[in-house]
Amino acid sequence: MKETPLSNCERRFLLRAIEEKKRLDGRQTYDYRNIRISFGTDYGCCIVELGKTRVLGQVSCELVSPKLNRATEGILFFNLELSQMAAPAFEPGRQSDLLVKLNRLMERCLRNSKCIDTESLCVVAGEKVWQIRVDLHLLNHDGNIIDAASIAAIVALCHFRRPDVSVQGDEVTLYTPEERDPVPLSIHHMPICVSFAFFQQGTYLLVDPNEREERVMDGLLVIAMNKHREICTIQSSGGIMLLKDQVLRCSKIAGVKVAEITELILKALENDQKVRKEGGKFGFAESIANQRITAFKMEKAPIDTSDVEEKAEEIIAEAEPPSEVVSTPVLWTPGTAQIGEGVENSWGDLEDSEKEDDEGGGDQAIILDGIKMDTGVEVSDIGSQDSEEEEMIILEPDKNPKKIRTQTTSAKQEKAPSKKPVKRRKKKRAAN
Amino acid sequence: MEEETHTDAKIRAENGTGSSPRGPGCSLRHFACEQNLLSRPDGSASFLQGDTSVLAGVYGPAEVKVSKEIFNKATLEVILRPKIGLPGVAEKSRERLIRNTCEAVVLGTLHPRTSITVVLQVVSDAGSLLACCLNAACMALVDAGVPMRALFCGVACALDSDGTLVLDPTSKQEKEARAVLTFALDSVERKLLMSSTKGLYSDTEQCLAAAQAASQHVFRFYRESLQRRYSKS
């Protein structure tokens, strides 16, 4: 679906509001929306909500052979997907620009900053290393995908536990989660992206733009930072020209925001850890708020299946036997078989009656004697069609069009639904 | 509302389960459903069955590409995305099953030359995934206000090597089972809309009857969750 265009009056309204330091949702210039982090039952699964923007993150691992030029390092793979439910405009072919930009930014932020210790992912140097795969799915697009995605990625990586491996000489033992507790990844620091949207050629700045604000912005500055105030990645797009002190100011703001967000993440991780240790209930089911009118839960429900056998007998008794019997195939020559008889050739009768073609018994016969080339028949028809007729409408789309094409023209007329032969006849008369 | 369902479950536990000859606990796992949780899609629902969770979003009736347009009814599209990796053939086949079920109930002729898109995202898979997808799709279609002739639900059951029937199997039960059957049933007469089975089994009708009994609970769950949302009290 095409993106609904933003009307001029809405654009003007948003820009005027920003000039007066007002945002549509009532936030201040440097305010973030509410961040909510919830975890699933398996390790490495989390959903992050930044306002209404929602991202699902999942980390998985696999033992593979390492890259040839990095024999002692594990492999990190990131994949951000813009699901079609996130916005009507996200269709498989259409989102490539945005997708590439976001994926590249995620990679630079997480891989190039070396936040994960890849050396610790090595099991047997040159032979087996862990490949950590981070899959991020955008579920709802309300602006600022990159921030939500970076938070989801780092939370999922911190939450993930990989199976324990022990190497004794030549022997490598991989323990299942039941045998030995899985081991967390070794993470040096947590880089988090902070986005700044610029309006009116850099005059006005907003942190964490939502979808409407993103549509009217001139340019975007993304700074990835960790809580030690180290910049991991910085990217400015949109062609805006920023002054040095603007960039410095943004990095200071980013430092403050990242500290807050990191604290929130650590608290969420700690809470989840505590609940799992105490044996309490965890997972997405618990994060559905009870008080919401749109949410509903039902406890485990036992089903009484004692009368299943009687019911089964009833079903068999009430069921009708299959109506048509498929006749046995007749082999004409090797490679040529016929199943069923097909309908009678009624070419001669078509002048008087509009015969409704029924499906007859079982499968229709593909009568192969006297067949013309498919393409030949088609081309000639199309040629005459264009000159005299308007488009042919196939009234019954369930009829298998393949069958119609493989038969001769005469067979075509008899097999096709009633309207088709009528048109064909008119054409023939006109041609004559 | 929730306290009432809780007590109902207790009463049933006292009377019902002991007499089931089929097996140790023929029961459905804990269900939860949240509707309208995403702001962009026209309708959305998150359906949880135990630890299996699927998020569905519906867009429609909306603009359709001319190549996919059907002149007298709506074009229904189902997209299923797995959590890890790229979608493969298994997802394509599940998409087809769900699409056929939806096409049987959605009144497409009321919206000709439009498209209704159902997007499903697997949030976690712990058994009975196809059934959970069907339930999420139905709740999302209801939330979007798409006209349907009936509601539908998915019920999965597994037959283990001694022939014991287990409803709503977990992934462990599915792996150890001899056969896994998933049925889609409609709400008006509990008729069968779709069935997808794998494995070796001979008593289809008994599984179907058990699924019909289970679907009663699922439809009651639908009704109660919608009543909670739309009732004035």
Side-chain angles (χ1 to χ4, degrees), chain A residues 1-2 40-42 45 47 49 51-54 56 58-60 79 81 83-88 91-92 133 135 137 139-142 211 281 283-286 288-290 292-316 319 393 397, chain B residues 1-2 5-6 9 12-13 16-17 19-22 25-41 44 46 48 51 53 55 57 59 62-63 70-71 79 81 83-85 117 119 121 123-124 126 165 167 203 205-206 208-210 212-214 217 221 224-225 228-229:
Chain A
M1 253 170 281
K2 261 191 262 183
T41 35
D42 18 321
C45 180
I47 289 188
E49 291 169 53
K52 293 193 198 145
T53 303
R54 205 182 276 241
L56 164 71
Q58 172 71 59
V59 178
S60 51
N79 181 32
E81 255 186 47
S83 168
Q84 265 177 269
M85 74 168 89
E91 265 169 25
R133 190 195 163 102
D135 283 286
H137 300 270
L139 302 174
N140 196 44
H141 177 29
D142 196 32
E211 203 251 336
K281 289 201 214 161
F284 291 125
E286 296 313 307
I288 290 186
N290 267 350
R292 281 213 198 129
I293 206 173
T294 49
F296 191 63
K297 295 188 196 179
M298 181 171 89
E299 293 308 317
K300 198 166 157 167
I303 307 278
D304 184 13
T305 49
S306 49
D307 54 350
V308 153
E309 287 174 19
E310 293 97 58
K311 284 234 184 84
E313 303 296 320
E314 267 178 44
I315 294 176
I316 300 176
I393 301 168
Chain B
M1 258 288 166
E2 273 155 38
T5 37
H6 209 53
R12 252 179 284 113
T17 9
S19 58
S20 127
R22 272 331 200 123
C26 229
S27 64
L28 299 173
R29 293 179 283 181
H30 167 104
F31 273 22
C33 171
E34 188 177 352
Q35 290 189 312
N36 207 20
L37 57 163
L38 303 176
S39 68
R40 295 303 291 274
S44 55
S46 167
L48 285 87
D51 284 336
S53 165
L55 179 62
Y59 282 105
E63 191 191 315
I70 303 178
F71 76 99
I79 296 160
R81 288 264 179 272
K83 195 162 53 156
I84 300 174
T117 314
V119 187
Q121 171 70 50
V123 174
S124 70
L165 178 78
L167 283 173
D203 40 0
E205 293 81 16
Q206 284 178 337
L208 181 55
Q212 283 175 333
H217 283 267
F221 175 76
E224 285 179 6
S225 74
R228 176 189 166 97
R229 191 173 167 197

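Chain letters run A, B, ... following the sequence lines, proteins first and then strands; every chain starts at 1.
A salt bridge does not link A/Lys52 with A/Glu211: none of the charged nitrogens is closer than 4.0 Å to a carboxylate oxygen. We find that B/Lys83 and A/Asp42 are joined by a salt bridge, their nearest charged nitrogen and carboxylate oxygen being less than 4.0 Å apart.
Between B/Phe221 and B/Phe31, the ring planes lie perpendicular to each other; the angle is over 60°, past the 30° to 60° tilted range.
When heavy atoms are compared at a cutoff of 4.5 Å, A/His137 approaches chain B solely by way of its side chain, counted from C-beta outward. The part of B/Arg29 that comes within reach of chain A is its backbone (N, CA, C, O), which places non-hydrogen atoms under 4.5 angstrom from that chain. For a residue to count as touching a neighbouring chain, one of its non-hydrogen atoms must lie under 4.5 Å from one of that chain's; by this rule B/Ile70 does not touch chain A. With a 4.5 Å cut-off on non-hydrogen atoms, B/Ser39 touches chain A through its backbone and its side chain both. Only the side chain of B/Tyr59 has a heavy atom closer than 4.5 Å to any heavy atom of chain A. Only the side chain of B/Ile79 comes within less than 4.5 Å of a heavy atom of chain A; its backbone N, CA, C and O stay farther away. Heavy atoms closer than 4.5 Å to chain A are found in both the backbone and the side chain of B/Leu38. With a 4.5 angstrom heavy-atom cutoff, A/Gln84 touches chain B via backbone and side-chain atoms both.
Here the straight-line distance linking atom CD1 of A/Ile47 with atom CG of B/Leu55 works out to 7.0 Å at 0.5 Å rounding. In this structure, B/Gln121 CD and A/Glu81 CD are separated by 7.5 Å, a value rounded to the nearest 0.5 Å.
Taking all atoms of both residues into account, the shortest heavy-atom contact from B/Arg40 to A/Ala86 is CG-O, 3.2 Å. B/Ala126 and B/Asp51 get closest at one heavy-atom pair: CB-CB, 3.6 Å.
Annotation: maximal heavy-atom pairing with chain A below 4.5 Å, among B/Leu48, B/Ile84, B/Thr117, occurs at B/Ile84. With chain B as partner, the option from A/Asn79, A/Leu139, A/Asp142, A/Thr53 having the largest number of non-hydrogen pairs under 4.5 angstrom is A/Leu139. Your options are B/Cys33, B/Ala32, B/Ser53, and the one with the most heavy-atom pairs under 4.5 Å with chain A is B/Cys33.
Between the side chains of B/Asn36 and B/Ser44, no donor N or O sits under 3.5 Å from an acceptor N or O.
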